[in-house]
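Here the structure comes first, spelled out in structure tokens, and everything after it is commentary.
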There are 2 protein chains.
Amino acid sequence: MAMHLTEEKALRLWRDVSLAMVRDDDPDLSARQMAILLSVYLDPPPHTVRGLAAKLGVTKPVITRALNAMGRHKLLARRRDPDDRRNVLIQRTLEGALYLDRLANMIRQAAENEGKAP
Amino acid sequence: MAMHLTEEKALRLWRDVSLAMVRDDDPDLSARQMAILLSVYLDPPPHTVRGLAAKLGVTKPVITRALNAMGRHKLLARRRDPDDRRNVLIQRTLEGALYLDRLANMIRQAAENEGKAP
DNA sequence: GCTGTTCATTACGCTTCCGTTTCATTCAAG
DNA sequence: CTTGAATGAAACGGAAGCGTAATGAACAGC
């Protein structure tokens with residue numbers, strides 16, 4: 001079942017979620033951090049710095065810094081690949097899963113609201 | 001007609017659009033900038049610095065700086081309120097409308113894709 | 001007219017992020 | 001072994017964001 005969105009509803013959805021993210025106290029994730037976090041949680045592993053850099057179209061230090069920042073908040077974890085110790089495997093955490101649960105609920109709630117007549 | 005989204009579809013929608021925003025060459029807007037831009041375009045005018053600060057729950061300098069940044073890209077424009085010249089009225093621009101058109105299309109396209117079976 | 005209030009902006013010190021460049025470690029090929 | 005390639009991280013200077021506090025301009029009340 002495909003979802004159909006008018007332009008206005010699409011933008012209202014985005015605005016509602018953006019507003020909710022700004023309003024709550026959690027530090028806002030940048031667009032890049034959000035893309036990394038969601039890719040790690042939604043795409044099948046393994047996830048490496050190089051692979052994420054290629055997927056996002058950015059340089060590797062961007063990924064390293066984003067992992068540092070999100071690692072401080074425990075949204076993601078790093079682990080050396082035992083088979084090739086040059087690689088770093090990016091892994092999910094409980095805190096990251098809970099964060100995305102809250103994000104998903106914000107999106108779903110906004111989608112429900114936009115469905116109603118304004 | 002309310003939209004119903006599973007948690008997974010909601011997050012995939014957000015990931016697809018975040019990835020598209022990161023990948024394209026336009027400078028990424030922060031969550032705050034995005035919330036301001038969408039509020040100005042979706043909510044009825046007039047829009048003032050103070051009003052936007054209250055709506056987002058941030059301080060006024062945050063709004064001023066965001067307006068400077070988005071003004072450089074011509075996504076928004078400032079104009080003195082002729083009736084009360086202390087006020088600054090934030091106004092839409094052609095470039096901003098085009099930017100949001102593209103954003104809306106990214107959201108709609110992602111929503112269509114998530115509707116399909118993975 | 002003054003005085004005090006209300007706007008928005010600027011100034012300040014601090015933190016974070018950026019891209020480029022270098023570095024350290026690990027693997028692979030000979 | 002030794003050499004070369006590949007991976008991720010660190011170093012660097014510069015740009016942009018933050019919150020608090022001060023500044024400038026415009027209004028309102030007396």
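Here is how names work: the chains are called A, B, and so on, in the same order as the sequence lines, proteins then strands, and each is numbered from 1.
Atom CG of A:Leu89 and atom CG of A:Asp81 lie 4.5 Å apart (nearest 0.5 Å). A distance of 5.5 Å separates CG in A:Asp24 from CE in A:Met106, rounded to the nearest 0.5 Å. A:Ser39 OG to B:Leu19 CG: the interatomic distance, rounded to the nearest 0.5 Å, is 4.5 Å. Taken from OG1 in A:Thr6 to CZ in A:Arg12, the straight-line distance is 9.0 Å, to the nearest 0.5 Å. With values rounded to the nearest 0.5 angstrom, B:Asn105 atom CG is found 11.0 Å from B:Leu100 atom CG.
For residues 8-45 of chain A, every residue pair satisfying the ring pair (Phe, Tyr, Trp, His ring centres under 6.0 Å) rule, not counting sequence neighbours, is listed here: A:Trp14-B:Trp14. For residues 85-100 of chain B, the side chain to side chain donor-acceptor pair (under 3.5 Å) pairs, not counting sequence neighbours, are B:Asp84-B:Arg86. The stretch residues 50-73 of chain B participates, sequence neighbours left out, in these side chain to side chain donor-acceptor pair (under 3.5 Å) pairs: B:Asp43-B:Lys55, B:Asn68-B:Arg78.
The distance from atom CG of B:Leu89 to atom C1' of C:dA8 is 12 Å, rounded to the nearest whole Å. As a whole-Å value, the separation of B:Lys60 NZ from C:dA11 P is 17 Å. For B:Arg50 and C:dT5, the CZ to P distance is 14 Å, given to the nearest whole Å. When rounded to the nearest whole Å, the span between CG of B:Asn68 and P of C:dT9 equals 7 Å.
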Between A:Leu29 and A:Leu75, does the side-chain contact (heavy atoms from CB on, under 4.5 Å) criterion hold? Intermediate values first, please. CA-CA 11 Å; A:Leu29 264 49; A:Leu75 298 177; 4.2 Å; yes
Please report the C-alpha distance between B:Met21 and B:Met34 in whole Å, then the side-chain angles of each, then the deciding distance to 0.1 Å, and finally whether the side-chain contact (heavy atoms from CB on, under 4.5 Å) criterion is met. CA-CA 12 Å; B:Met21 291 198 308; B:Met34 184 66 77; 4.0 Å; yes
Could you walk me through whether B:Val58 and B:Leu52 pass the side-chain contact (heavy atoms from CB on, under 4.5 Å) test, one step at a time? CA-CA 8 Å; B:Val58 298; B:Leu52 289 170; over 6 Å; no
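Residues meeting the side-chain contact (heavy atoms from CB on, under 4.5 Å) test with B:Ala66, sequence neighbours left out: B:Gln33, B:Ile36, B:Met70. For A:Asp26, the salt bridge (Lys or Arg N to Asp or Glu O under 4.0 Å) criterion is met by A:Arg102, not counting sequence neighbours.
Proximity of A:Val88 to A:Arg79: side-chain heavy atoms (C-beta onward) are nowhere separated by under 4.5 Å.
The hydrophobic cluster containing A:Leu98 also includes A:Leu94, under a criterion of side-chain heavy atoms closer than 4.5 Å among ILVMFWY residues, counted directly or through chains of members.
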What is the per-nucleotide protein-contact pattern of nucleotides 17-22 of chain C, from the 5' end, where B denotes a base atom under 4.0 Å from a protein heavy atom, S denotes such proximity for sugar-phosphate atoms only, and - denotes neither? SBBBB-
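Formation of a donor-acceptor pair under 3.5 Å by the A:Arg108 side chain with backbone atoms of B:Leu5 is found in this model. A:His47 contributes a side-chain N or O that, together with a main-chain N or O of A:Val40, makes up a donor-acceptor pair within less than 3.5 Å.
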Could you list the protein-to-nucleotides 26-30 of chain C atom pairs, N/O on both sides, closer than 3.5 Å?
{"from": "C:dC27", "atom 1": "OP1", "to": "A:Arg85", "atom 2": "N", "distance (Å)": "3.0"}

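Proximity of B:Thr64 to the phosphate of C:dT9: a side-chain N or O atom is located under 4.0 Å from OP1 or OP2.
Linking Ile, Leu, Val, Met, Phe, Trp and Tyr residues whenever their side-chain heavy atoms come within less than 4.5 Å places B:Leu13 and A:Leu42 in a single cluster.
Taking a heavy-atom distance under 4.0 Å as the criterion, the stretch of DNA chain D touched by chain B extends 5' to 3' from D:dG17 to D:dC27.
Defining each end axis of the helix from C:dG1-D:dC30 to C:dG30-D:dC1 as the rotation carrying four pairs' C1' atoms onto the next four, with five pairs an end, the two axes are found to diverge by 10° to 10 degrees.
Of the residues in residues 17-28 of chain B, none has a non-hydrogen atom less than 4.0 angstrom from any atom of DNA chain C. For residues 36-47 of chain A, proximity to DNA chain D is found at no residue, defined as any non-hydrogen atom under 4.0 angstrom from a strand atom.
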